[in-house]
Amino acid sequence: MGRDTIANIITSIRNADMGRKRTIRIESTNIIENLIKILLREGFIENMRKHQKGNKKFLVVTLRHRRNRKGPYRTSLNLKRISRPGLQIYSSYQQIPRILGGMGIVILSTSRGIMTDREARLERIGGEILCYIW
């Protein structure tokens, strides 16, 4: 059974957000680093730092939380894995779905790297749909 690193990262970010953790530590790969950079650029996370311990590289991600929240906890970050190792979902640039009427983002893996749905539509390029974020 193989490892699905993208699903592991999405799950760890979702769990940290629900548990109100401020930072998480993630093993670094090129795909994960590009995914985290997109989350940082789109404003879903607050900060990202690179660390190295021995020969292993880690990313320390600081999550964005609203201050002075009272009452029941509502998650502010929703992530959903779409394409998985057993079933990969591909889309042309015309058929990339819009999440919440354009309020959310779709992250795609294209021939030009990992990018958001807006960038893929501008460059007129399709690819594998990795996840939805809203």
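As the structure is a computational prediction, the values presented were derived from the model and not from experiment.
Within 6.0 Å of the CZ atom in R124, the count of heavy atoms belonging to other residues, nucleotides or ligands does not exceed 12. Within 6.0 Å of CD1 in I38 there are more than 12 heavy atoms belonging to other residues, nucleotides or ligands.
Side-chain contact check for L77 versus I13: some heavy-atom pair is nearer than 4.5 Å. Inter-residue side-chain proximity for L130 and I82 is flagged as unmet; no heavy-atom pair is nearer than 4.5 Å. Here the side chains of T116 and V106 are not in contact, with every heavy-atom distance at 4.5 Å or above. With a 4.5 Å cut-off on side-chain heavy atoms, I31 and T5 do not count as touching. Between Y132 and L79 the shortest side-chain heavy-atom distance does not fall below 4.5 Å. Using a 4.5 Å heavy-atom threshold, the side chains of R49 and V61 count as separate. Between M48 and L59, the closest side-chain pair of non-hydrogen atoms falls below 4.5 Å. In this structure, I99 and I105 have side chains that are not in contact, with every pair of non-hydrogen atoms separated by 4.5 Å or more.
For the pair D117 and P97, the tightest heavy-atom approach, listed with the atom from each and the gap, is OD2-O, 4.1 Å. Counting all heavy atoms, side chain and backbone alike, H51 lies closest to V60 at CD2-CG2, 3.2 Å. Taking both residues in full, the closest heavy atoms of A16 and I24 are given as CB-CG2, 3.2 Å, listed atom of the first, atom of the second, then distance.
A single hydrophobic cluster is not seen to contain both I133 and L108; linkage of ILVMFWY side chains at heavy-atom distances under 4.5 Å, directly or through other members, places them apart. Taken together through direct or relayed side-chain contacts under 4.5 Å among Ile, Leu, Val, Met, Phe, Trp and Tyr, M103 and I107 form parts of separate hydrophobic clusters. When hydrophobic clusters are built by joining Ile, Leu, Val, Met, Phe, Trp and Tyr residues whose side-chain heavy atoms come closer than 4.5 Å, directly or via intermediates, W134 is grouped together with I96. Cluster membership check: I6 does not share its hydrophobic cluster with L87, using side-chain heavy-atom separations under 4.5 Å among Ile, Leu, Val, Met, Phe, Trp and Tyr.
With hydrogens and angles disregarded, a donor-acceptor distance shorter than 3.5 Å links the side chain of N34 to the backbone of N30. Side-chain N or O atoms of R22 include one that pairs as donor or acceptor with a backbone N or O of L63 at under 3.5 Å. With hydrogens and angles ignored, the 3.5 Å screen pairs no side-chain donor or acceptor of E119 with any backbone N or O of R121. Side chain of T11 to backbone of N8: no donor-acceptor contact under 3.5 angstrom is found.
For the pair R25 and F58, the cation-pi test (distance below 6.0 Å, angle within 45°) is passed.
Distance check: Y93 OH to T110 OG1 gives 14.5 Å after rounding to the nearest 0.5 Å. A distance of 11.0 Å separates CD1 of I129 from OH of Y90, quoted to the nearest 0.5 Å. Atom CD of Q88 is separated from atom OG of S109 by 9.5 Å, given to the nearest 0.5 angstrom. Considering CD1 of I45 and CG of L39, their distance stands at 5.5 Å, rounded to 0.5 Å. Rounding to the nearest 0.5 Å gives a distance of 8.5 Å between OG1 of T29 and CZ of R3. Separating the OG1 atom in T62 from the NZ atom in K21 is a distance of 13.0 Å, to the nearest 0.5 Å.
Remark: Q94 pairs with S92 by the side chain to side chain donor-acceptor pair (under 3.5 Å) rule, at least two apart or across chains. For K37, the salt bridge (charged side-chain N to carboxylate O under 4.0 Å, His left out) test picks out E33, with sequence neighbours left out.
Between R112 and E123 there is a salt bridge, since at least one side-chain N of the basic residue sits less than 4.0 Å from a carboxylate O of the acidic one. Note on E42 versus R118: salt bridge recorded, some NZ/NE/NH1/NH2 to OD/OE distance being below 4.0 Å. Comment: D4 engages R81 in a salt bridge, judged by a side-chain N to carboxylate O separation of less than 4.0 angstrom.
Side-chain atoms of S83 and E128 form a donor-acceptor pair, as typed in the model, at a separation below 3.5 Å.
Think of M115 as one node in a network of Ile, Leu, Val, Met, Phe, Trp and Tyr side chains linked at under 4.5 Å; its network also takes in I125.
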